[in-house]
Amino acid sequence: IVMTGWVPRTARLVRPVNVDKDFELAYLYAEYTGGQSADWASYVSAAMAQALRGALAAQSVTTESFKGTIRFFDMSVTHDPKIRADVDVSGCVDDSRALNTDLKTGQVLPGQSASDRSYYRFTDELAPVADGQWQVVGNYAPVYYPQAKECKP
């Protein structure tokens, strides 16, 4: 995984961006381990954790892993338009150089190739919690190329 080194210039927004980066990495690791790792849960609200546990229980996650490179880039942060205290962290993902594998054998699954769905923009909503900490409380549906033109290098 290649995570962008970008951080916002506004000091108070650095922490939520770093929390989101850590969450994204931990969640990908959970997918990599077939849903076995739960490190991502410390970054999310209880409601978000419930939804993500369901996604990680899907057969396509529990029987598969991946190998190759997934790159995060073009990250940004804005104030959430509906909840003043929250922020939205967005970024592009390029997983065109990653291939799904059988979790047990490690063998690459047949019939894979890069497609427009290999390039997308994600947006996570983060809320402040006690002691200056932040947690992911929601996420929007990914926007794929060609709608997310900026996400295809």
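Keep in mind it's a predicted model, so treat the numbers as computed, not measured. Note that these values count all heavy atoms, side chains included, but never hydrogens, waters or copies made by symmetry.
- Tyr140 and Tyr145 fall into different hydrophobic clusters, where Ile, Leu, Val, Met, Phe, Trp and Tyr side chains are chained together by heavy-atom contacts under 4.5 Å.
- Although no hydrogens or angles enter the test, the distance criterion places a donor-acceptor pair under 3.5 Å between the side chain of Lys149 and the main chain of Pro146.
- In this structure, CG in Leu13 is found 10.5 Å from CG in Leu126, a value given to the nearest 0.5 Å.
- Counting only heavy atoms from C-beta outward, the side chains of Glu64 and Asp102 never approach each other to under 4.5 Å.
- Between Pro153 and Cys151 the shortest heavy-atom distance is CD-O, 3.5 Å.
- Within the 4.5 Å cutoff, no side-chain heavy atoms of Thr62 are placed close to those of Leu103.
- Side chains of Met75 and Phe122 form a contact here, defined as non-hydrogen atoms less than 4.5 Å apart.
- Looking only at side-chain heavy atoms (C-beta outward), Gln107 and Thr101 stay at 4.5 Å or farther from each other.
- Between the Thr10 side chain and the Arg12 main chain, no donor and acceptor come within less than 3.5 Å of each other.
- Val2 and Val17 fall into different hydrophobic clusters, where Ile, Leu, Val, Met, Phe, Trp and Tyr side chains are chained together by heavy-atom contacts under 4.5 Å.
- Put simply, the side chain of Phe66 does not reach to within 4.5 Å of the side chain of Leu99, judged on heavy atoms.
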Could you go through Arg15 and Gln133, starting from their C-alpha distance and side-chain angles, then the distance that decides it, and tell me whether this counts as side chain to side chain contact (heavy atoms under 4.5 Å, CB included)? CA-CA 8 Å; Arg15 187 175 293 243; Gln133 300 299 315; 3.0 Å; yes

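- In this structure, Asp95 contributes its side chain and Ala98 its backbone to no donor-acceptor pair below 3.5 Å.
- Not a single side chain to side chain donor-acceptor pair (under 3.5 Å) links Ser65 to another residue, sequence neighbours left out.
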Would Trp6 and Val77 count as a side chain to side chain contact (heavy atoms under 4.5 Å, CB included) here? Give the steps. CA-CA 11 Å; Trp6 177 86; Val77 61; 3.9 Å; yes

Report, one line per pair, each donor and acceptor closer than 3.5 Å where one atom sits in a side chain of residues 39-57; sequence neighbours left out.
residue : atom : partner : partner atom : Å
Trp40   : NE1  : Ser37   : O            : 3.2
Ser42   : OG   : Asp39   : O            : 3.1
Ser45   : OG   : Met48   : N            : 3.2

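- Side chain of Lys21 to main chain of Thr4: a donor-acceptor pair is present (N/O by atom type, distance under 3.5 Å, no hydrogens or angles).
- In this structure the side chain of Val137 reaches within 4.5 angstrom of the side chain of Asp86, judged on heavy atoms.
- Within the structure, every pair that satisfies the salt bridge (charged side-chain N to carboxylate O under 4.0 Å, His left out) test and touches residues 117-134, not counting sequence neighbours, is listed here: Asp74-Arg121, Arg121-Glu150.
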Between His79 and Arg84, does a side chain to side chain contact (heavy atoms under 4.5 Å, CB included) hold up when you go through it step by step? CA-CA 7 Å; His79 292 282; Arg84 281 182 15 140; over 6 Å; no

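- Criterion: ILVMFWY side-chain heavy atoms under 4.5 Å apart, direct or through other members. Under it, Val19 and Val7 are not part of a common hydrophobic cluster.
- Residues Arg71 and Val93 have side chains not in contact (no heavy-atom distance under 4.5 Å, counting atoms from C-beta outward).
- At a threshold of 4.5 Å between side-chain heavy atoms, the hydrophobic network of Ile, Leu, Val, Met, Phe, Trp and Tyr places Val89 and Val129 in two separate groups.
- Separating the CG atom in Asp80 from the CG atom in Asp88 is a distance of 4.0 Å, to the nearest 0.5 Å.
- Residues Ser96 and Ser118 have side chains that never bring a donor and an acceptor to within less than 3.5 angstrom of each other.
- Linking Ile, Leu, Val, Met, Phe, Trp and Tyr residues whenever their side-chain heavy atoms come within less than 4.5 Å places Met3 and Phe23 in a single cluster.
- When atom types are taken as modelled, the side chain of Gln135 and the backbone of Pro128 share no donor-acceptor pair closer than 3.5 angstrom.
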Could you walk me through whether Asp94 and Phe73 pass side chain to side chain contact (heavy atoms under 4.5 Å, CB included), step by step? CA-CA 8 Å; Asp94 172 357; Phe73 62 101; 3.9 Å; yes

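- Considering only heavy atoms from C-beta on, Phe72 comes within 4.5 Å of Ile70 through its side chain.
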